[in-house]
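Everything on this sheet refers to the single structure shown next.
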Amino acid sequence: MDESHKPGTVDTSRLYGAVRRYGDRLAAHIDPKTGRMRDPVETSYTEGYGPALAAHIFAGLYRAFGDTRHLDLARLSLRRVFRKLRRPDDNSPFTDIFLYYWAIKAYDLLEGRCPAEEIEEWASSFRSCDYRFRPPNTNGHCLLIGTAAAYATRRFGPLDESALEETIGAVGGMQNRLGFIEDAMKRHTGPVERRRRSAMDSLNKMRYRFGLESEGERDHKPIAYHLFCCAVLAESLQDERLRAFPQLERHMKRIERIVRRGVSWIDNFAGPDGSVSMTERSRDQFWTGMCYSYLLALRWPLAAGELIGSHLDWWLRFLKEDGGCSITPNYFSAALRVGFEYYSIGAMYLSLGFSYLLDIADILSGRRSIPAPLDIPVSTGATFIDEEAGYAHIRRGRSSAGISLRRHQGGFFGGYCPASGIFNLVLGGSRSRPLPSPCYRTRGLGIALSTRKSPLPNNGVYELSLIHISEPTRPY
């Protein structure tokens with residue numbers, strides 16, 4: 001691989017090297033016969049997301065390095081995906097659409113690099129699986145839009161324009177006037193994962209389903225999922241094959257309007273140190289950081305390489321010797337990180353972060369063609385207030401802070417985010433950050449030191465001593 005890079009751009013050899021080390025770690029957790037993924041810490045999400053993410057990562061590594069071991073692992077993971085998609089009881093509606101979307105990304109990377117009969121076999125597998133169902137949340141609808149467009153442009157199935165229009169309308173209906181995209185659909189009925197619940201969880205779900213709890217009482221509004229929606233929709237605009245489908249042009253223009261407003265919204269929550277301000281569910285995680293860096297990469301060279309590099313560098317300092325990365329920002333070894341990374345499943349969210357890191361490396365190295373970079377200027381302003389979403393971000397020079405403008409409620413007793421709560425405090429551009437609260441899950445009595453399970457949000461241990469003002473910036 002050519003390790004040279006132009007001045008002012010990112011050293012992509014470092015990015016590919018990080019993905020390759022993670023691929024080695026990921027391979028160790030995959031059954032060589034079945035492709036089943038084992039996660040030593042958490043398994044409830046692993047099989048619902050992991051195989052498709054693994055297929056994409058290994059396919060990308062094969063394209064970058066030409067190692068047939070990566071090709072074999074990509075094939076194995078794709079076979080696992082199709083095996084699961086043919087057994088709908090294995091998954092939830094959301095995990096199904098996630099598997100479809102990321103499996104197509106892997107297929108695209110392998111097309112032209114595998115025998116024609118093998119590519120046709122995979123295409124036939126896509127044709128035999130019907131993706132047309134309704135996910136329960138907005139980010140699932142965004143994945144559905146991308147999957148529908150991919151099915152049509154790759155001739156996996158006919159384009160259902162009315163269904164696509166309805167889906168885009170549903171996503172647009174969840175975006176407020178300033179651009180924030182709410183993830184909980186109006187008819188959302190609770191968690192999408194099929195797993196055993198406590199009596200209280202079941203009661204919460206029944207109260208909401210039968211209208212005993214208003215939409216405002218489940219006012220979560222996660223910034224992380226707004227970001228994910230923007231990334232998925234922005235990627236759907238980059239498919240060169242769309243130009244051969246003029247009937248999609250009208251739909252793509254509607255998606256572009258959603259993306260333009262949504263990306264401009266999240267730009268305002270970028271910290272001056274390369275972090276992104278978000279709170280509660282999936283807050284402050286490796287995958288969300290890579291998601292934002294990916295949106296910057298889609299705008300390169302409009303977004304300067306130095307800016308992309310600063311956001312990558314913020315997270316890549318947490319890379320571990322075992323090939324992984326802290327899912328939440330801390331310097332602990334793998335053995336000590338368990339419990340500090342609640343809702344941060346390794347084989348799912350860690351793989352998602354490295355999948356986006358691979359996409360970023362492909363874009364910045366020129367391996368992945370971007371027909372037309374997103375023409376959205378980076379709009380990090382001094383102060384941004386969205387009263388409807390309930391968030392503000394204050395930025396003064398090298399200091400910034402996110403603020404919740406009201407209490408974001410959720411659940412039967414507990415809160416999601418307190419009123420006037422400050423999150424992602426950056427002082428003077430230093431690297432000092434609070435350590436996310438320890439979140440040990442306990443079954444049985446249902447007691448957990450968790451910001452999502454406890455009635456008192458944002459409780460836990462914080463660490464403000466990891467200050468690295470003099471830490472040199474890595475060259476890009």
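Taking the six-membered ring where tryptophan is involved, the planes of Phe58 and His70 are essentially parallel, since the angle between them stays under 30° and well short of 60°. The aromatic rings of Phe269 and Tyr391 stand perpendicular to each other, their planes meeting at an angle above 60°, with 30° marking the opposite boundary. Under the 30°/60° scheme for interplanar angles, the aromatic rings of Trp102 and Phe228 are found to lie parallel.
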Leu357/Leu312 under side chain to side chain contact (heavy atoms under 4.5 Å, CB included): CA gap, chis, key distance, verdict: CA-CA 9 Å; Leu357 184 59; Leu312 290 170; 3.9 Å; yes
Starting from the C-alpha separation in whole Å, work towards a yes-or-no answer on salt bridge (charged side-chain N to carboxylate O under 4.0 Å, His left out) for Arg75 and Asp72. CA-CA 5 Å; Arg75 288 165 163 161; Asp72 292 339; 3.6 Å; yes
Test side chain to side chain donor-acceptor pair (under 3.5 Å) applied to Arg367 and Thr12, step by step: CA-CA 11 Å; Arg367 279 193 172 90; Thr12 55; 6.0 Å; no
Decide side chain to side chain contact (heavy atoms under 4.5 Å, CB included) for Leu26 and Met37; before the verdict, give the C-alpha distance in whole Å, the side-chain angles of both, and the deciding distance to 0.1 Å. CA-CA 9 Å; Leu26 194 60; Met37 188 170 290; 4.0 Å; yes
Determine whether Met278 and Asn424 satisfy the following criterion, side chain to side chain contact (heavy atoms under 4.5 Å, CB included), listing intermediate values before the conclusion. CA-CA 7 Å; Met278 53 187 63; Asn424 193 25; over 6 Å; no
Step by step, work out the side chain to side chain donor-acceptor pair (under 3.5 Å) result for Glu161 and His251. CA-CA 9 Å; Glu161 283 200 70; His251 301 293; 3.0 Å; yes
Verify side chain to side chain donor-acceptor pair (under 3.5 Å) between Ser293 and His311, making sure each step is shown before the conclusion. CA-CA 6 Å; Ser293 297; His311 284 274; 5.2 Å; no
For side chain to side chain contact (heavy atoms under 4.5 Å, CB included), just list the numbers for Arg36 and Ile30, CA-CA rounded to whole Å, side-chain angles, deciding distance to a tenth of an Å, and then say yes or no. CA-CA 6 Å; Arg36 182 179 178 84; Ile30 296 178; over 6 Å; no
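Residues Tyr225 and Thr138 have side chains not in contact (no heavy-atom distance under 4.5 Å, counting atoms from C-beta outward). Using a 4.5 Å heavy-atom cutoff, the side chains of Tyr49 and Phe94 are in contact. Taking 4.5 Å as the limit, some side-chain heavy atom of Tyr151 sits within range of a side-chain heavy atom of Ile104. Proximity of Leu295 to Asp267: side-chain heavy atoms (C-beta onward) are nowhere separated by under 4.5 Å. Contact check for Ser264 versus Arg261: no side-chain heavy atoms found under the 4.5 Å cut-off. Within the 4.5 Å cutoff, no side-chain heavy atoms of Tyr107 are placed close to those of Val81. Proximity of Thr147 to Phe156: side-chain heavy atoms (C-beta onward) are nowhere separated by under 4.5 Å. For the pair Leu374 and Glu256, the minimum side-chain heavy-atom distance is 4.5 Å or more.
Atom OH in Tyr131 sits 6.5 Å away from atom CG in Leu144 (nearest 0.5 Å). Put simply, OG on Ser355 and OH on Tyr22 are 10.0 Å apart, with the number rounded to the nearest 0.5 Å. To the nearest 0.5 Å, the span separating SG on Cys325 from CG on Leu316 amounts to 7.0 Å. Atom CD of Glu182 sits about 4.0 Å away from atom NZ of Lys221, to the nearest 0.5 Å. To the nearest 0.5 Å, the span separating OG1 on Thr153 from CG on Asp108 amounts to 8.0 Å. Atom CG of Asn139 is separated from atom SG of Cys230 by 11.5 Å, given to the nearest 0.5 angstrom.
Closest non-hydrogen pair, Gly324 versus Arg25, comes out as CA-NH1, 3.3 Å. Scanning both residues, Ile145 and Ile168, for their nearest heavy atoms gives CD1-CG1, 3.7 Å. Nearest heavy-atom pair across Ala59 and Ala74 is N-CB, 3.7 Å. Across every non-hydrogen atom of Gly140 and Ile97, the tightest pair is O-CG2, 4.1 Å. Here the closest non-hydrogen pair linking Ala106 and Leu78 is CB-CD2, 4.4 Å.
Looking at Gln175, its side chain does come within 3.5 Å of a backbone N or O of Ile258 through a donor-acceptor pair. The main-chain N or O of Ile57 is never found under 3.5 Å from a side-chain atom of Tyr62 such that the two would form a donor-acceptor pair. In terms of modelled atom types and a separation under 3.5 Å, the side chain of Ser236 and the main chain of Leu233 share a donor-acceptor contact. Under a 3.5 Å cut-off, the side chain of Arg257 and the backbone N or O of Gly172 do not form any donor-acceptor pair. Without hydrogens or angle criteria, Gln285 side chain to Trp287 main chain gives no donor-acceptor distance under 3.5 Å. A donor-acceptor pair is defined here as one N or O able to donate and one able to accept, closer than 3.5 Å; no such pair exists between the side chain of Tyr100 and the backbone of Ala148. A distance-only check finds no donor-acceptor pair linking the side chain of His141 to the backbone of Thr167 [under 3.5 Å]. With hydrogens and angles disregarded, no donor-acceptor distance shorter than 3.5 Å links the side chain of His56 to the backbone of Lys105. Distance alone, capped at 3.5 Å, is enough to place a donor-acceptor pair between the Ser310 side chain and the Leu307 backbone.
Judged purely by distance below 3.5 Å, without hydrogens or angles, the side chains of Thr34 and Arg83 never pair a donor atom with an acceptor atom. Glu235 and Tyr356 form no side-chain donor-acceptor contact under 3.5 Å, judged by distance and modelled atom types alone.
Annotation for Arg241: atom CZ counts as buried by contact number, over 12 foreign heavy atoms lying within 6.0 Å.
In this structure, Phe354 has its ring center closer than 6.0 angstrom to the ring center of Phe286. Separation of the Phe180 and His226 ring centroids falls under the 6.0 Å cut-off.
Remark: Arg20 is positioned above the aromatic ring of Phe65, its terminal NZ or CZ atom under 6.0 angstrom from the ring centre and at most 45 degrees off the axis.
Remark: Glu387 does not engage Arg406 in a salt bridge, criterion side-chain N to carboxylate O under 4.0 Å. The residues Arg299 and Asp375 are annotated as not salt-bridged, no charged nitrogen and carboxylate oxygen being separated by less than 4.0 angstrom. A salt bridge is absent between Arg243 and Glu249: the closest approach of a Lys/Arg side-chain nitrogen to an acidic carboxylate oxygen does not fall below 4.0 angstrom. Of the charged side-chain nitrogens involved, at least one lies within less than 4.0 Å of a carboxylate oxygen, so that Asp24 and Arg69 count as a salt-bridged pair. Here Arg154 does not pair with Glu120 in a salt bridge; the nearest charged N to carboxylate O distance is not below 4.0 Å. A salt bridge between Asp362 and Arg63 is present, with a side-chain N of the basic residue lying under 4.0 Å from a carboxylate O of the acidic one.
For Ala361, the side chain to side chain contact (heavy atoms under 4.5 Å, CB included) criterion is met by Leu15, Tyr16, not counting sequence neighbours.
Among Cys142, Pro136, Pro222, the single residue meeting the side-chain contact (heavy atoms from CB on, under 4.5 Å) criterion with Asp183 is Pro222.
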